[in-house]
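Worksheet for the structure shown next.
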Amino acid sequence: MKIGFEGRRVIVTGAAHGFGRAIALAFGALGAKVHAFDVLADGLAETVAQSGGTCTSAVVDVGNRDAVQAAVAPLGPVDILVNNAGGVCGQTGRPIEEISAADWQTIFDVNLSGAFFMTQAVAPGMKARKQGRVINISSGAGKTISLTGIQAYAAAKAGQISLTRQLAHELGPWGITVNCIAPGFVLSNPTTERQYAAMGKDGQDRLLQNIALRRLGTPADIANAVLFFASDYAAWITGEALSVDGGK
Ligand SMILES: NC(=O)c1ccc[n+]([C@@H]2O[C@H](COP(=O)([O-])OP(=O)(O)OC[C@H]3O[C@@H](n4cnc5c(N)ncnc54)[C@H](O)[C@@H]3O)[C@@H](O)[C@H]2O)c1
C-alpha cells in the first residue's frame with residue numbers, strides 16, 4: 001500500500017503543537033501543500049520551520065466564524081481538512097456546581113464549533129469540485145467518559161462524533177467523506193505530561209493494563225490514521241469514528 005498526497009491542499013487546525021504538528025508534517029512529507037492554523041504564532045512558526053517548505057501558517061481562532069471565513073477564503077481550493085484544534089483549554093476536572101458558563105462555552109467553541117465553522121468554510125469549494133475529505137479529531141472521551149472528568153470536553157467530543165455522522169450524510173452526495181478519530185491518551189504536550197505524572201505509578205500502571213497493546217500511543221499513531229482516512233484507500237468509508245487507542 002502506498003499513500004501519497006502530491007499536489008493536494010490540506011488544512012490542519014491546532015497545528016502549533018502535538019497531534020496537529022505531527023499531522024501537518026506527515027502530509028507535507030507525502031507531497032501535500034499544508035496550511036497550518038492555530039492561535040499560537042510561535043508554535044506555528046516552529047511547525048513551518050520543521051516542514052521543509054511544505055507548510056504555511058495563519059493565526060486563526062477556529063471558534064470565531066468570521067475569522068475562519070476570512071482565513072480560508074484566500075487559500076483557494078482545499079482537498080483535505082483536519083479539524084484537530086481542541087483540548088481542555090487549561091481546565092481541570094471539577095464538580096458540576098463549580099463550572100461557569102464561560103468554562104463550559106470555551107471548550108465547546110474550540111472542540112465543536114471550531115470543527116463546524118471550519119467545515120462550513122471549505123464545504124462549498126469541495127462541493128463544487130465534487131471531492132473532499134474532512135477528518136475530525138474527537139477523543140475516547142466522546143465515546144465513553146473523560147479521564148479528566150471535564151464534562152464539557154466529554155460532551156463536545158461526543159458532539160464531534162455526531163457531527164461527523166450527520167455531515168457524512170449531508171456531504172456524501174458530492175463525494176466528500178467525513179470521518180472521525182477517537183484517540184486514547186497520548187503524551188503529546190506539557191498538559192498531558194502533567195496529567196500522566198499526576199496519576200502516579202499505580203495510576204500509570206492501571207492505565208497501561210487497560211490498553212490491549214500495553215503502551216501509550218504517539219502523535220505518529222494518530223497521524224497515521226488521519227493519513228488513511230485522507231487517502232484513496234478510504235474512498236468508501238464515511239461517517240465513521242475510529243478508536244486509535246491501542247485497544248480497549
Ligand atoms: N493528547 C491526547 O491524549 C488526546 C487524546 C484524545 C483526543 N485528543 C485531541 O486531539 C487534539 C490535539 O490534541 P493534542 O494533545 O495534540 O493537544 P495540543 O494542546 O498539543 O494541541 C491542540 C492545539 O490546538 C490549538 N488550539 C486551541 N484552541 C484553538 C482555537 N480556538 N483555534 C485554533 N487552535 C486552537 C492549541 O493552541 C494547540 O496548539 C485535540 O482536539 C484533543 O482534544 C488528544
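Both ligands and their constituent atoms are indexed starting at 1 by order of listing.
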Expected output: side-chain [X] to main-chain [Y] donor-acceptor under 3.5 Å:
X    : Y    : answer
T164 : G239 : no
S243 : D245 : no
N179 : I135 : no
Q91  : D103 : yes
S51  : L25  : no

For [X], does the [atom1] atom have more than 12 heavy-atom neighbours from other residues, nucleotides or ligands under 6.0 Å away?
X    : atom1 : value
I145 : CD1   : no
R129 : CZ    : yes
Q120 : CD    : yes

What's the shortest distance from [atom] to any protein heavy atom, and which residue and atom give it?
atom                    : value
atom 15 (O) of ligand 1 : S188 OG, 2.4 Å
atom 5 (C) of ligand 1  : G184 O, 3.3 Å
atom 24 (O) of ligand 1 : G14 CA, 3.4 Å
atom 29 (C) of ligand 1 : V110 CG2, 3.5 Å
atom 37 (O) of ligand 1 : D38 OD1, 2.6 Å
atom 32 (N) of ligand 1 : V62 N, 3.0 Å

In terms of its nearest heavy atom to atom 42 (C) of ligand 1, the top option of F37, F19, Y153 is Y153
Note: heavy atom closest to atom 22 (C) of ligand 1, options G18, G86, G20, belongs to G86
Where [X] and [Y] come nearest, the two heavy atoms and their spacing:
X    : Y    : value
F229 : E240 : CZ-CB, 4.4 Å
I211 : G246 : CG2-O, 3.6 Å
V10  : A32  : CG2-CB, 3.7 Å
F185 : T192 : CZ-O, 3.4 Å

Do D202 and R206 meet the salt-bridge criterion of a basic N to acidic O distance under 4.0 Å? no
If you measure every N/O of [X] against every N/O of ligand 1, is any gap under 3.5 Å?
X    : result
P183 : no
S139 : no
N84  : yes

For [X], take its heavy atoms, then give the atoms of ligand 1 lying under 4.0 Å from any of them.
X    : result
L40  : 37 (O)
D61  : 30 (C), 31 (N), 32 (N)
N189 : 14 (P), 15 (O), 17 (O), 18 (P), 19 (O), 20 (O)
V60  : 32 (N), 33 (C)
V186 : 1 (N), 2 (C), 3 (O)

Has [X] got any heavy atom lying under 4.0 angstrom from an atom of ligand 1?
X    : result
K157 : yes
G43  : no
A182 : no
I137 : yes
F185 : yes

Quick look: S138 vs ligand 1, heavy-atom contacts under 4.0 Å, and the answer is backbone
